[in-house]
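Report on the structure given below.
By convention in this document, chain letters (A, B, ...) are assigned in the order of the sequence lines, proteins followed by strands, and residues within each chain are numbered from 1.
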Amino acid sequence: MPDATVPAVEMRGIVKRFPGVLANDHVDLTVRAGEIHALLGENGAGKTTLMNILYGIYHPDEGEIFVKGQRVHIRSPRDAIRLGIGMVHQQFRLVPSHTVLENVVLGLPGNFFFPERAARRRVQEFAQQYGLHVDPDARIWQLSAGEQQRVEIIKALYRGADILILDEPTSMLTPREIEELMSIVRRMADEGHTVVFITHKLDEVFAVSDRVTVLRQGRVIATRETAHTDKRELARLMVGRDVLFRLEKHPVAIGSTALEVQDLHVRNDRGLPAVRGVSFSIAAGEILGIAGVAGNGQRELVEALAGLRPVEKGRVLLNGEDVTNRSPRALVQRGVCYVPGERIVGTVPNLSVAENLILKTYDQAPVCRGIFLDSRSVASHADSLIEQYAVATPSRETPLKLLSGGNIQRTILARETSGEPTLLMAAHPTSGLDVGATEYIRQVLLSQREKGTAILLVSEDLEEILQLSDRIAVMYNGELMGILPADQADLETIGMMMAGVHRTP
Amino acid sequence: MNSLPRIRLEKRLDTPRWLGIATPVFSVLAALLVIALIFGLLGVNPLIAYARIFTGAFGSLYGLSETVTKAIPLMLAGVGLAVAFRTRVYNIGAEGQLLIGAICATGVALFVPGIPDGLRLPAMFGAGALGGALWALIPAVLKARLRIDEVLTSLMTVYIASELVNHLVYGPWKGPGEWGFPYTDKFPLAAQIPRIGITRVHYPTLILALLAAVLAYILVQRTRWGFEIRVTGENPEAARYAGMNYLRTVMLVMALSGALAGIAGVGEVAGIHYRLRYPQGISPGYGFTAIIVAWLARLNPLGVILTSLLIGGLLVGGDAIQLAMGLPSATVYLFNGMILLFVLGGDLFTRYRIRMEFPGRTVVTPVRLEQEEVG
Ligand SMILES: Nc1ncnc2c1ncn2[C@@H]1O[C@H](COP(=O)(O)OP(=O)(O)OP(=O)(O)O)[C@@H](O)[C@H]1O
Ligand SMILES: [Mg+2]
């Protein structure tokens, strides 16, 4: 049993500077033993940096760290692990072609001979104890995001972590997986583990945490008992102003059909049918929301429409023109924009922010003149988007990978939504964004709609779908369960359809 | 208790600028240090050997001119490889593309009648570049279309090219005036590249090489194709997503590196030997050495100008000590191998930080001690 009087972690006066940014500015953070402590803050507030310091990835410029009452110098993740600290990052770091078991023991000392039986037994114990169910022999690439996350948690526990840091653990999960994760986290806390939980979703803060600390621009603004605060207060602490939680959705005259999809069939990476006979259309100035539990073919559908995945059967018409199986290039030129669900697909981490912003327009005027890139227009293009979308970056020349998760997402959104697309497809556009940015991006989608763009919105977040869409389609097992006008859609109906109940209008 | 420090690697998030320059320099120094040890074991004083190498390569006008002469093919092929490797297209077949360039130039020099004298050399350069490019497209097409790994296929095309040269010089192209040697006839005067004075520096090829380095730099950094090259090399998935044509980019860089290697081959037959000879007589592995040149320059085409001169000097200096100190002819390969090893290994330092950990000092230290340390 942990000693309740000694904090599990105490960070005092932590300062971390990066070129051009003060990521942590004299941060004090106390995490009590056995508590679930939520860490809240806007994109770029310094949450990940602070936790990376605790996990030994970065070294603080100033400040001291105490773990279980003792002053420590954490110089690397290995030191952190030795102190019982484990971390699950925003991006998972598993080896896709290895099995769960192999990933769990990977990199442990004294494992030259694979101690398979012992490892298997421990993994099964964790499954029992915390509900961390996952097939130990499955290969990582076969697992959903939620399952991969469980493997990461098991990995940390296997290394003896009793202080677990979860960095935006819910941003890639389905609502069901989120609930499972919450119960896992609670069970771990009941067993005496300490959990630091980074999130942007206020609901999650209230669902799971005992206390919450809010960071803004590298500084601690407040620490509260979760029971003694509310959403409104937290949002204000986080953003520094009142957040409206309200969008202005004006009625728009629906234009002609921009996208028409007829009896589409697409296979997934494993060659199995993933989209099976899907038909729908979207008019200019209309938002079609696609709801559904992840893994029901949404990703394959959108990739096929972006030209990134072959269409096996069926037709895709864009403004009446047959564009089935045309190259991504041809579609980009016809004004198809796409915000992919996985950030790594849409970015080049080692190139600068400015270069990432011209990823799709690099061969068009004014960025491109003849065969040359016009560096001045690249720069001014970058500057105006950085300002317009409030991307927090030291400069436009900073490599994209150094930005915070939410600011990388903003960069992608800036690139994809700033032009005048014919068709805009957005998969989980607000995942990883703070409340202010979420509000802003939703507003951007709505104003695109007003400009006459046809928008295909894929999201796990039903609230988002209901808020933005004109019509809502539900995808289940590769098929559309039906399409509803937004005013006829309620959570119950959609929930039934997501579970596979057909509904024909 | 055992008190040996443990060495650990830690990933760096970004590479400081100075490291990008320091790493190759230190890699070369480290390689020289190890080779010094080997010299020592062979009973050769390494300091004397290095002094000889240096004076041999840079200490006299003759040495210097030879260094430049050898740098020409290294520069040409190295620039092309730097661009290809940037794209993560691993063309290992520059040696073969160089030989094909030599064959094509010879064909135009000896067997195509009716070209005006003034156009003979440009035609040879053109044919060599074209031949090298087409030859490089074989592995390129196999990679882009059938996803066959280009490392193997491009290497295999070297041996085919080499046998082709052998076949020609022992067979159909063997010159009647060459006393039974496996040579073609000597090129006519109009097909010989002019040199500087009594040196072997065939300067038109040198100018082409320098031009290639500058143009390749501009290509990569400033043009839209260069943007495609960088994106494709960094994240092929993003390149596809952005609508870039992977097939075209792979073909472009392979053709480019093949063409430059081909031009290097033209320079060797038309600037040095004035005839096609058995393969080792044309190139002592310039196409392979160019791989080192490209990596040492950290894949920067402008850097290749420097590194090709450095490695060229090493080749010349290596020859010098072979003669003067009675070292085996493989000594030069020792240099090449060691340097490549250390340059590739040294790349580690740009991505990781090395930390020493002393078992005596554990992580958890009493507060008092730490405060002294922080002071
Ligand atoms: N290695 C680095 N080099 C330079 N700047 C960095 C580095 N890591 C983070 N930063 C900067 O530090 C600031 C804080 O980033 P951090 O990743 O901690 O934010 P965050 O609170 O986790 O945000 P998000 O919610 O978007 O993930 C950002 O401005 C980011 O650009
Ligand atoms: Mg973060």
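Of the listed residues (A/Val348, A/Leu331, A/Thr347, A/Leu359), the greatest number of heavy-atom pairs within a distance under 4.5 Å of chain B belongs to A/Leu359. Interface check for chain B: of the options A/Tyr362, A/Tyr338, A/Phe372, the most heavy-atom pairs under 4.5 Å are formed by A/Tyr362. Between chain B and the residues A/Ala306, A/Gly307, A/Ser375, A/Pro340, the most heavy-atom pairs under 4.5 angstrom are made by A/Pro340.
Within the 4.5 angstrom heavy-atom criterion, no atom of A/Arg369 approaches chain B. With a 4.5 Å cut-off on non-hydrogen atoms, A/Glu416 touches chain B through its side chain but not through its backbone. Only the side chain of B/Ile218 comes within contact range of chain A, with heavy atoms under 4.5 Å apart. Both the backbone and the side chain of A/Ile358 come within contact range of chain B, judged by heavy atoms closer than 4.5 Å. For A/Ser327, no part lies under 4.5 angstrom from a heavy atom of chain B. Using a 4.5 Å cut-off between heavy atoms, A/Leu351 touches chain B through its side chain atoms alone.
Ionic pairing of A/Lys68 and A/Asp162 is present here: one or more N-O contacts between side-chain nitrogen and carboxylate oxygen are shorter than 4.0 angstrom. With respect to the salt-bridge test (charged N to carboxylate O, under 4.0 angstrom), the residues A/Glu10 and A/Arg71 do not qualify. By the 4.0 Å N-to-carboxylate-O rule, A/Arg396 lies too far from A/Glu355 to be salt-bridged with it.
Side-chain N/O atoms of B/Asn91 and B/Ser257 include a donor and acceptor closer than 3.5 Å. If you check the side chains of B/Glu234 and A/Asn350, you find a donor sitting under 3.5 Å from an acceptor.
Ring geometry, B/Trp295 versus B/Phe85: the interplanar angle falls under 30°, so the pair is classed parallel (tilted spans 30 to 60°).
Atom CH2 of B/Trp225 is surrounded by 12 or fewer heavy atoms from other residues, nucleotides or ligands within 6.0 Å.
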